[in-house]
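Step one of this worksheet: look at the structure below.
Numbers here are sequence positions counted from 1.
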Amino acid sequence: MSVRVGILGATGAVGQRFIQLLDDHPIFELAAVTASPESAGLSYREAAKWRVDTAIPDDVAEMEVVATEPAAIADADVDLLFSSLPSSVATEVEPPFLEAGYVVSSNSSNDRMAGDVPLTIPEINPDHLGLIDVQRDERGWDGALVKNPNCSTITMVPTLAALDEFGLEAVHVSTLQAVSGAGYSGVTSMEILDNAIPHIGGEEDKMETESRKLLGSFDGAELSLHDADVVASCNRIPTLDGHLENVFADLADDPEPAAVRDAMRAFESADLSSSPDQLIKVFGPDEPDRPQPRLDRMYADGMGIVAGGVESTTKGVQYNCLAHNTIRGAAGASILNGELLVEEGYV
Ligand SMILES: NC(=O)C1=CN([C@@H]2O[C@H](COP(=O)(O)OP(=O)(O)OC[C@H]3O[C@@H](n4cnc5c(N)ncnc54)[C@H](OP(=O)(O)O)[C@@H]3O)[C@@H](O)[C@H]2O)C=CC1
Ligand SMILES: N[C@@H](CC(=O)OP(=O)(O)O)C(=O)O
């Protein structure tokens, strides 16, 4: 089976990851790439300042970049679109594609918390895709909009989902986020070298709200947020890729660290092409200095979550977790949602 796909915002940092991850994908065949009006009409090689550590696939290099509007991709016969546009742009340009009937798996942050938009991690809340029917009723379009979460949120939520069996009551999290999360021009070298920046605009609010939606329940008509209170503190550090997070979780039960490690290791993955066999890799007490960004971000080709340093606290547990922010945290997450949309018959 082959599904023809397009990428909106294909020339950017996340767009380039999409192109890398879609090369030789077992289901998806890239048929359209869009970008800003300045790039439209150029070949992909001319338009993209390529920064990914593998070469531009030959067939993509010669593709024409087109404008980000439905008419420009009409001839490409695309069944599914991935979106990696700045959220201010996505707010304006995603709706016309949805009205034109396209299914859009979007990485942009606009509409993530909308009540009728599935915010989905396939291994955690695949049932939330049912919101698509609510969305189509409410918005009157034939297309479908599905979002993946913020990269810091997706790093910790699988571990929290594994803890839910112990009665998750509250979460405090502090992040150490890689510079690639800010995009290529987001943080200058003079700002970040020999430094750490204890503020990332909007990030704390995203972690505090998106995690409760992802862990929430959907009754077929309406989505309820998880009860746990989530408090986040976000920091930028001079790593290239891989967000590391220190999590303190209050639990109703009082599990031993070994039981917490077992629950994380046993947490079920999804049966999709890009999903890891084991979603969460957990280091034991014999390796207390793991996970580390440089050593662990490519676990499961960058699609896995790595945890470690599990210890008891007076209210529950503390631990560290890590994921690759532009693979599992961005393009890989959208592609996985695309695979779920195909599996569930929405594409
Ligand atoms: N960088 C990261 O690690 C992460 C980013 N994200 C999110 O993903 C999205 C993309 O981020 P990133 O790839 O870093 O951004 P970039 O700025 O690198 O890329 C933006 C893309 O959007 C296109 N674009 C810009 N303006 C317009 C416009 N007016 N009309 C049509 N296309 C336009 C650009 O085309 P052109 O080349 O022609 O300018 C480019 O293809 C953002 O929402 C970001 O918040 C999420 C997680 C991680
Ligand atoms: N803000 C994230 C990256 C990002 O763009 O997130 P979002 O997908 O929520 O816009 C970071 O700086 O690491």
What's the spacing between [X] [atom1] and [Y] [atom2] if we round to 0.5 Å?
X: Ile124; Y: Leu119; atom1: CD1; atom2: CG; answer: 11.5 Å
X: Leu225; Y: Leu223; atom1: CG; atom2: CG; answer: 6.5 Å
X: Leu21; Y: Thr54; atom1: CG; atom2: OG1; answer: 8.5 Å
X: Leu244; Y: Arg290; atom1: CG; atom2: CZ; answer: 12.0 Å
X: Thr120; Y: Arg112; atom1: OG1; atom2: CZ; answer: 12.0 Å
X: Phe97; Y: Glu69; atom1: CZ; atom2: CD; answer: 7.5 Å

Side-chain donor/acceptor of [X] to backbone N/O of [Y], under 3.5 Å:
X: Glu245; Y: Thr155; result: no
X: Glu64; Y: Ser43; result: no
X: Asn125; Y: Ser217; result: no
X: Glu210; Y: Asn150; result: yes
X: Lys206; Y: Cys151; result: no
X: Thr153; Y: Ser211; result: no
X: Trp141; Y: Leu145; result: no
X: Asp79; Y: Val347; result: no
X: Glu191; Y: Thr188; result: yes
X: His243; Y: Ala178; result: yes

If you count every heavy atom of other residues, nucleotides or ligands that lies below 6.0 Å from [X] atom [atom1], does the total exceed 12?
X: Asp277; atom1: CG; answer: no
X: Asp127; atom1: CG; answer: yes
X: Asp301; atom1: CG; answer: no
X: His25; atom1: NE2; answer: yes
X: Asp194; atom1: CG; answer: no
X: Glu138; atom1: CD; answer: yes
X: Asp254; atom1: CG; answer: no

Tell me whether [X] shares a hydrophobic cluster with [Y], the cluster being built from Ile, Leu, Val, Met, Phe, Trp, Tyr side chains joined at under 4.5 Å.
X: Val52; Y: Val65; result: yes
X: Val5; Y: Val342; result: yes
X: Leu176; Y: Val157; result: no
X: Val78; Y: Leu340; result: no
X: Ile305; Y: Met298; result: no

Which atoms form the tightest heavy-atom contact between [X] and [Y], and what is the distance?
X: Pro238; Y: Asn195; answer: CD-O, 3.2 Å
X: Arg139; Y: Asp111; answer: NH1-OD2, 4.0 Å
X: Glu203; Y: Gln177; answer: OE2-NE2, 3.0 Å
X: Ala32; Y: Ile73; answer: CB-CG2, 4.0 Å
X: Ala182; Y: Arg236; answer: CB-NH2, 3.6 Å
X: Ala48; Y: Gln16; answer: CB-NE2, 4.2 Å

Hey, are [Y] and [X] close enough side-chain-wise for a donor-acceptor pair under 3.5 Å?
X: Ser269; Y: Gln278; value: no
X: Glu204; Y: His199; value: no
X: Asp164; Y: His226; value: yes
X: Tyr44; Y: Thr11; value: no

What pairs of donor and acceptor atoms, side-chain ones from residues 98-110 against any protein atom, are under 3.5 angstrom apart with sequence neighbours left out?
residue: Ser105; atom: OG; partner: Ser334; partner atom: O; Å: 2.8
residue: Ser106; atom: OG; partner: Glu94; partner atom: OE2; Å: 2.7
residue: Ser106; atom: OG; partner: Ser108; partner atom: N; Å: 3.1
residue: Ser106; atom: OG; partner: Lys147; partner atom: NZ; Å: 2.9
residue: Asn107; atom: OD1; partner: Asn148; partner atom: ND2; Å: 2.8
residue: Ser108; atom: OG; partner: Leu85; partner atom: N; Å: 3.3
residue: Ser108; atom: OG; partner: Leu85; partner atom: O; Å: 2.6
residue: Asn110; atom: OD1; partner: Lys147; partner atom: NZ; Å: 3.2
residue: Asn110; atom: ND2; partner: Glu94; partner atom: OE1; Å: 3.3

Does Arg328 come within less than 4.0 Å of Glu123, counting only side-chain N to carboxylate O? yes

Is a salt bridge present between Asp142 and Arg136, judged by a nitrogen-to-oxygen distance below 4.0 Å?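 The answer is no: the pair does not qualify as a salt bridge.
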
Side chains of Val171 and Phe248, heavy atoms from C-beta outward: is any pair under 4.5 Å? no

Find out whether Glu62 and Asp58 are in side-chain contact, i.e. whether some heavy atom of one side chain is under 4.5 Å from a heavy atom of the other. no

Pairs touching residues 16-41 that satisfy salt bridge (charged side-chain N to carboxylate O under 4.0 Å, His left out), sequence neighbours left out: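 Qualifying pairs, neighbours excluded: Arg4-Glu29, Arg17-Asp241.
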
Only one of Val187, Thr239, Thr326 clears side chain to side chain contact (heavy atoms under 4.5 Å, CB included) with Ser180; which? Thr326

Phe82 and Phe28 aromatic centres sub-6.0 Å: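 Here the rings of Phe28 and Phe82 have centres that are less than 6.0 Å from each other.
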
Under 3.5 Å, sequence neighbours excluded: what are the donor-acceptor pairs made by side chains of residues 310-317?
residue: Thr313; atom: OG1; partner: Lys315; partner atom: N; Å: 3.3
residue: Thr313; atom: OG1; partner: Gly316; partner atom: N; Å: 2.9
residue: Thr313; atom: OG1; partner: Gly316; partner atom: O; Å: 3.4

